[in-house]
Amino acid sequence: MTTTDADEITNVYLSDNFAPVAEEVTVTDLDVVGAIPAQLDGRYVRTGPNPIAPDPSNHHWFAGEGMVHGVRLRDGKAEWYRNRYVRSPQVTGALGEPAVPSDEGGLVPGLGNTNIVHHAGRLLALMELSLPFELTPDLDTVRATNLGGPLPAGINAHPKFDPDTNELHVMAYSFAEPILRYHVIGTDGLLRRTEELALGAPVMVHDMAMTDSSVIAFDLPVVFSLELAMAGRSMPFVWDPDYTPRVGVMPRSGSGADTTWIELDEPCYVYHPLNAYDDDGRVVMDLVVHPKAFANTEREPSQGEPSMQRWVLDPVAGTCSRTVIDERGQEFPRADERLAGRRHRYGYSVAVPELAGLGGGQGGPGGTLLGYDVVAGTVAEHHFGAGCTPSEFVFVPAAPDAAENEGWLMGYVHDGATDTSSLQILDATDVAAPPVARVELGHRVPQGFHGNWMPEGGA
C-alpha cells in the first residue's frame, strides 16, 4: 500500500462495507423473514465509524465519526430502523448544527463510535479517552456527560456491569501520562469511586476484565507515539516489541497500590476479553489475543491471526498460563452479561476469512459466528453465506432467570450481493441452525464495533 501519491491511495477502511453511508434514515416498513420472538421488547443498538470527509492517506477505521444504528422490536414486530450520527463537535461542525452541551472532562472531544450501553436509564455512546454521549431512545444526542465527574481522561468503551449491584466498572487510560484510572459508576449514573494504577508507559488499554473479587488491567506493548501525534496521524500508536507485557490484578476492595502485576512470557495485544472469573485464588480469563497490533505505519488493524485463548492468572505465584482454545482468526467475543465476572460455560465470537477486511466481501466466503462451550470443549458454527459479513453478535436471555444459553444471538449482517444489511436473530441453543428471524433493513449498516440489546424498562 503506497502513501506517496494521494491519487493512488486505496484505503480498506473506506472501501466496500467500511465505506460510510450518506444519509440518516428512518425506515418503518421492515420486512421480516421468520418470526421475531414475542419476548423481545426493546432496542438493539450498535455504533461504529461513519467518517465525514476522511483523508484516505490518514484514515484509520478506529477514527471515523460515530453513527448509531438501531432496530426497535416489540410484539413480534420490527417497528423501525434508525441511523443517527452521534453529535460530536466534529459532526455538528460539519453539518452546520449547534454544538450539544458538554460537561468538562476527557482528553479528546470524542466521537461515540466504539460502544453503546444502557445505564441508569440513559443510552451512552462511548469512545476511549473521551466523555460518554447521552442519547435519547430514538438515538438523538442529548449531551456529553462526565457522569458527575471528574473524568479527566473520560472513560474507555468497555465498561463491565456487576450483575449483583448493577454498578458500572470501567477503566480509562491516558496518553498524557502512564496512568490507568479505575472508575465505579453507581446505579444513579454518577461517579462514586476512582482508583489509579501506574502503567509502564502511556499504552493503549482498550478493555478490562472483572471477577467477583478483582479487576484485571492490561499493560501491553501498544504505546502512544508523540512523534506520530505531532505528525498528525489519526492513530498515533506503535508496537514496541521491547516493552514488558504484563497483566494487573487489583482487588476490587483495594487501591491501585494493591495491584499484583504478572509479566507475560511473550508480547501480545488484547482488545477484548470474553469473560473472567475467580477460581480458588486464581483468575481464569477467556479472551481473544493478537500476536501484534500497530506493528507498522500502514492501516491494517493487526498483524497475525488473533486466537481465542484461556489465561489462568496466579497472583501468588506471579504466573500466567496460556492455552489456545481456537486458533482461527476472530474478534468481538461476547458472553452472557448476567455472568459478568462469574464462571461461564458459553461464549460467542465472529470468525472472518480475512481479519483485515473483517469479511469475505462481495462474492467472498463470508463470515462465521462461533459458539463456544468451554466445558464440553466444542465449537458450533453458523455460516452466514457467500459474501455475507457479520458484525459483533450479542446474547439476549429469553427471560431474566433463563439458563445461560437459553435465548438468542443478535447482530447485523451485510450482504455483499445486495449491498444491504439485516438484523439477524439466532437461537443460542442451536447456533448452526438458520436464523429464527431476519429483519431486512433495506439499508446498509457499515462494519462497526459494539452494541447491546436494551430491553424496554431495563436498568
Side-chain angles (χ1 to χ4, degrees), residues 12-13 15-21 25 27 30-37 40 42-50 61 67-73 78 80-83 115-116 328-334 347-371 379-396 407-428 430-453:
V12 66
Y13 300 127
S15 304
D16 300 321
N17 198 40
F18 288 96
V21 294
V25 301
V27 183
L30 295 169
D31 292 330
V32 177
V33 179
I36 297 171
L40 294 174
R43 297 161 178 79
Y44 173 71
V45 187
R46 197 217 69 194
T47 190
N50 199 73
W61 189 28
M67 176 177 276
V68 293
H69 302 261
V71 176
R72 176 68 165 103
L73 304 179
W80 51 254
Y81 159 77
R82 287 187 172 95
N83 67 318
N115 198 2
I116 183 165
R328 280 177 288 187
Q330 59 190 282
E331 253 299 348
F332 304 124
R334 295 294 297 258
Y348 318 94
S349 69
V350 175
V352 290
E354 299 176 58
L355 192 70
L358 283 183
Q362 187 167 345
T368 302
L369 180 68
L370 303 175
V379 186
E381 301 179 7
H382 183 93
H383 302 281
F384 292 95
C388 293
T389 307
S391 295
E392 174 191 66
F393 268 61
V394 303
F395 174 78
V396 182
W408 302 278
L409 296 163
M410 186 181 300
Y412 293 127
V413 179
H414 174 252
D415 186 340
T418 62
D419 200 28
T420 60
S421 299
S422 60
L423 175 66
Q424 298 200 14
I425 303 170
L426 310 180
D427 181 349
D430 191 0
V431 171
V436 171
R438 189 176 73 242
V439 181
E440 299 292 351
L441 305 182
H443 186 78
R444 183 168 66 84
V445 177
Q447 291 303 125
F449 301 131
H450 307 285
N452 285 284
W453 170 251

>> As a quick check of understanding, evaluate side-chain contact (heavy atoms from CB on, under 4.5 Å) for Leu73 and Trp453, giving each step before the final call.
In response: CA-CA 10 Å; Leu73 304 179; Trp453 170 251; 4.0 Å; yes

> Is the backbone of Ala19 close enough, under 3.5 Å, to the side chain of Arg444 for a donor and an acceptor to pair up by distance?
Replying inline: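 Yes.
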
> Looking only at atom types and distance, does a side-chain atom of Asn50 sit under 3.5 Å from a main-chain N or O of Val21, one as donor and one as acceptor?
Replying inline: yes

>> Show, in sequence, the C-alpha distance, side-chain angles and deciding distance for Val71 and Leu441, and conclude whether the side-chain contact (heavy atoms from CB on, under 4.5 Å) test is met.
In response: CA-CA 9 Å; Val71 176; Leu441 305 182; 3.8 Å; yes

I'd like to check the side-chain hydrogen bond (donor to acceptor under 3.5 Å, both in side chains) partners of [X]; sequence neighbours left out, ordered by chain and number.
{"X": "Asp419", "answer": "His414"}
{"X": "Arg334", "answer": "Glu337, Glu392, Asn452"}
{"X": "Ser421", "answer": "none"}
{"X": "Tyr81", "answer": "His69"}

Decide yes or no for [X] and [Y]: does some side-chain heavy atom of the first lie under 4.5 Å from some side-chain heavy atom of the second?
{"X": "Ser391", "Y": "Val445", "result": "no"}
{"X": "Leu423", "Y": "Met410", "result": "yes"}
{"X": "Pro390", "Y": "Leu369", "result": "no"}
{"X": "Leu409", "Y": "Tyr348", "result": "yes"}
{"X": "Pro435", "Y": "His382", "result": "yes"}

> How far apart are the C-alpha atoms of Thr47 and Phe449, what are their side-chain angles, what is the distance that settles it, and do they pass the side-chain contact (heavy atoms from CB on, under 4.5 Å) test?
Replying inline: CA-CA 6 Å; Thr47 190; Phe449 301 131; 5.5 Å; no

>> Suppose we screen for salt bridge (Lys or Arg N to Asp or Glu O under 4.0 Å). Which residues come up paired with Arg43, at least two apart in sequence or across chains?
In response: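 Per chain and number, Arg43 pairs via salt bridge (Lys or Arg N to Asp or Glu O under 4.0 Å) with Glu456.
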
> For Arg438, what residues pass the salt bridge (Lys or Arg N to Asp or Glu O under 4.0 Å) criterion, not counting sequence neighbours?
Replying inline: Glu440

>> Tell me every residue that passes ring pair (Phe, Tyr, Trp, His ring centres under 6.0 Å) with Phe395, counting only those two or more places apart in sequence or in another chain.
In response: none

>> Holding to ring pair (Phe, Tyr, Trp, His ring centres under 6.0 Å), I want the full list of residues that pass it with Tyr44, two or more places apart in sequence or in another chain.
In response: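 Tyr44 satisfies ring pair (Phe, Tyr, Trp, His ring centres under 6.0 Å) with Tyr412 only.
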
> About how many Å separate CD of Gln424 and SG of Cys388, when rounded to the nearest 0.5 Å?
Replying inline: 7.5 Å

> Between Tyr13 and Phe18, is the gap from one ring center to the other below 6.0 Å?
Replying inline: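 Distance test on ring centres: under 6.0 Å, yes.
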
>> Taking side chain to side chain contact (heavy atoms under 4.5 Å, CB included) as the criterion, tell me which of Leu426, Leu40, Val394, Ile36 meets it with Trp408.
In response: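 Result: among Leu426, Leu40, Val394, Ile36, Leu40 is the only option passing the side chain to side chain contact (heavy atoms under 4.5 Å, CB included) with Trp408.
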
> Do you know the tightest heavy-atom contact between Asp427 and Gly407?
Replying inline: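 Where Asp427 meets Gly407 most closely, the heavy atoms are OD1-O, 3.8 Å.
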
> Which atoms form the tightest heavy-atom contact between Gly451 and Asn115, and what is the distance?
Replying inline: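 Between these two residues, the closest heavy atoms are N-OD1, 3.8 Å.
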
Which residues share a side-chain contact (heavy atoms from CB on, under 4.5 Å) with [X], sequence neighbours left out:
{"X": "Thr418", "answer": "Asp415, Thr420"}
{"X": "Val379", "answer": "Asp326, Arg328, Leu370, Tyr372"}
{"X": "Pro333", "answer": "His272, Leu274, Val288, Met308, Glu331, Ser349"}

>> side-chain contact (heavy atoms from CB on, under 4.5 Å) for Asn83 and His443? Distances and angles first, verdict last.
In response: CA-CA 10 Å; Asn83 67 318; His443 186 78; 3.7 Å; yes

